[in-house]
Protein chains: 2
Amino acid sequence: MASSAKALSKRAVPRRQARGIRTREAILERAVDISSVHGLDGLTVGHLATTLRMSKSGLFAHFGSKEELQLATIDTARRIFIDRIIRPALAAPKGMPRLWNLIRLWISYVEKRVFSGGCFFTAASFEFDSRPGPVRDRIALVMREWMDVLTRAVQEAQRAGHINAKIDAALLAHEIHAIAIGAHWAEQLLDDRRAYARSLSITRKMLARVATPKSPAFV
Amino acid sequence: MASSAKALSKRAVPRRQARGIRTREAILERAVDISSVHGLDGLTVGHLATTLRMSKSGLFAHFGSKEELQLATIDTARRIFIDRIIRPALAAPKGMPRLWNLIRLWISYVEKRVFSGGCFFTAASFEFDSRPGPVRDRIALVMREWMDVLTRAVQEAQRAGHINAKIDAALLAHEIHAIAIGAHWAEQLLDDRRAYARSLSITRKMLARVATPKSPAFV
DNA sequence: CCTACCGATCGGTAGG
DNA sequence: CCTACCGATCGGTAGG
């Protein structure tokens, strides 16, 4: 991908600007990874520059302030989350299959340790939940989006006749989310290697309780 | 309490040492509160000293290093957790009443905002879960203790015939814990004020599903 | 428990 | 994207 882009001589974006964008993306992907371990506050410009073999000011030129860097890091984590979990999950048909796909892909993505520190958003949520400001607001925005995606998936499953229509969709979404957070906690802090398998099993039972006979199987 | 202690002229602990201990306790209680908002890493000696109107070095004299301060802060939070939740919960008889008391007191203690940042241990857990070292180990130790307390309460309820003996006690304890963490998350990050009531209602239904007819009511 | 320090690192800027 | 800085703050120490 990178080499074919380099091979092009005529294109819309000037070479200089294109390289700047690629550098920015490389910076931000590293920033997401570092933040997943050290937090968005533990992410420092100096450390980030060193690991990228850049000068501090050279890196800083891409962002106006540390807060802008934090916000851009959150946006990058969001894009990765959408690319890796939400978009692939939409491949399954609406209803129980799509809902189950969302849960399964989410758990397996954290299990695979895409980032060194596990789930970026869980860490960021608890780091900033008591610290008012733009960073907290941005994290909350992304997490509301995610809860809406989960809630909508439940509602679609209800409309498809896979889940009992009487169930409170938002409440079920919260239960699903809580079980996943609990799995991150047990796996990462307590080194409980059965945590992810257990959370999938709990969620499966949870869904089985609200599923209609019409629902396709989910494994 | 403080004045009657001062009035005593003869006692086992010399006045100087007693004052030192009280100062240390005051420092650590403030440290728990600051950490609940800014994290155990965001807790700095300078800021802590300023809010206590002490010199940095005067405060630092109580601890050999920042890491020692962090460890002592965790121990203090643990003691508060035991005093405020576990000990009062033990007042209820073994079985479902005691288990329900643990859950109820835990949720209400975070709801009451005993600390500015909500639940100290949830924040600390996610801050250090990917950062090996003595601080992470100490947090994990306390959390294992807490999971053991919860698991034992479930087992006692099983022995008392209040909960179905076939239920996996550790698994139920993990479910209970996950729902509570999910409530902290929704309440503190998303400003969802129904989060705590909802988590109690979810947990109540969870227990109702595994309770035997012999179980006392829990509300 | 204090004053007076230390080197290192923080976020950020000037100027190229 | 760099070098060369800035003042502030970090954890920590000497000496009392």
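In what follows, every chain begins at residue 1, and chains take the letters A, B, ... in the order their sequences are listed.
- B:Gln70 places its CD atom 13 Å from the C1' atom of D:dC10, with the value rounded to the nearest Å.
- Using bins of under 30°, 30° to 60° and over 60° for the plane-to-plane angle, the ring pair A:Phe218/A:Trp100 lands in the tilted bin.
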**Request:** Whenever both distances are under 3.5 Å in a Watson-Crick or G-U wobble pair, mark it; put DNA chain C into dot-bracket that way, with [ ] for crossing pairs and | when the partner is on another strand.
**Result:** ||||||||||||||||

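- As a whole-Å value, the separation of A:Lys66 NZ from C:dC10 C1' is 8 Å.
- The nearest whole Å value for the distance from the CG atom in B:Leu52 to the C1' atom in C:dC1 is 13 Å.
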**Request:** Do nucleotides 2-9 of chain C as a string where each nucleotide becomes B, S or -: B if the base has a protein heavy atom under 4.0 Å, S if just the sugar-phosphate does, - if no protein is that close.
**Result:** BBB-----

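- Rounding to whole angstrom units, CZ of residue B:Phe60 and C1' of D:dG12 are separated by 5 Å.
- Using a 4.0 Å cut-off between charged nitrogen and carboxylate oxygen, A:Asp191 and B:Arg136 count as a salt-bridge pair.
- Sparse packing is recorded around CZ of B:Arg193, with 12 or fewer heavy atoms of other residues, nucleotides or ligands lying under 6.0 Å away.
- One can place CG of A:Leu48 at 12 Å from P of D:dC1, the figure rounded to the nearest angstrom.
- Looking at B:Ile27 and B:Met54, their side chains come closer than 4.5 Å, going by heavy atoms from C-beta outward.
- Note on residues 107-121 of chain B: no pairs pass salt bridge (Lys or Arg N to Asp or Glu O under 4.0 Å), not counting sequence neighbours.
- Other residues, nucleotides and ligands place no more than 12 heavy atoms under 6.0 Å from the NZ atom of A:Lys94.
- For the pair A:Phe63 CZ and D:dC1 C1', the interatomic distance rounds to 13 Å; values are reported in whole Å.
- Aromatic ring centres of A:Trp146 and A:Phe81: separated by under 6.0 Å.
- Inter-residue side-chain proximity for A:Phe63 and A:Leu71 is flagged as unmet; no heavy-atom pair is nearer than 4.5 Å.
- Taking 4.0 angstrom as the limit, A:His62 places a side-chain polar atom (N or O) nearer than this to OP1 or OP2 of D:dC1.
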What pairs of donor and acceptor atoms, side-chain ones from residues 176-186 of chain B against any protein atom, are under 3.5 angstrom apart with sequence neighbours left out?
| unit_1 | atom_1 | unit_2 | atom_2 | d |
| --- | --- | --- | --- | --- |
| B:His184 | ND1 | B:Tyr196 | OH | 3.4 |
| B:Trp185 | NE1 | A:Ser125 | OG | 3.1 |

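- Taking a 4.0 Å limit (strictly below) on heavy-atom distances, residues 31-43 of chain A reaches DNA chain C at A:Leu43.
- Annotation: salt bridge (Lys or Arg N to Asp or Glu O under 4.0 Å) contacts involving residues 67-91 of chain B, sequence neighbours excluded, comprise B:Glu29-B:Arg79, B:Asp75-B:Arg138, B:Arg78-B:Glu145, B:Arg79-B:Asp83, B:Asp83-B:Arg87.
- Defined by atom type and a distance below 3.5 Å, a donor-acceptor pair is missing between the side-chain atoms of B:Asn101 and B:Arg98.
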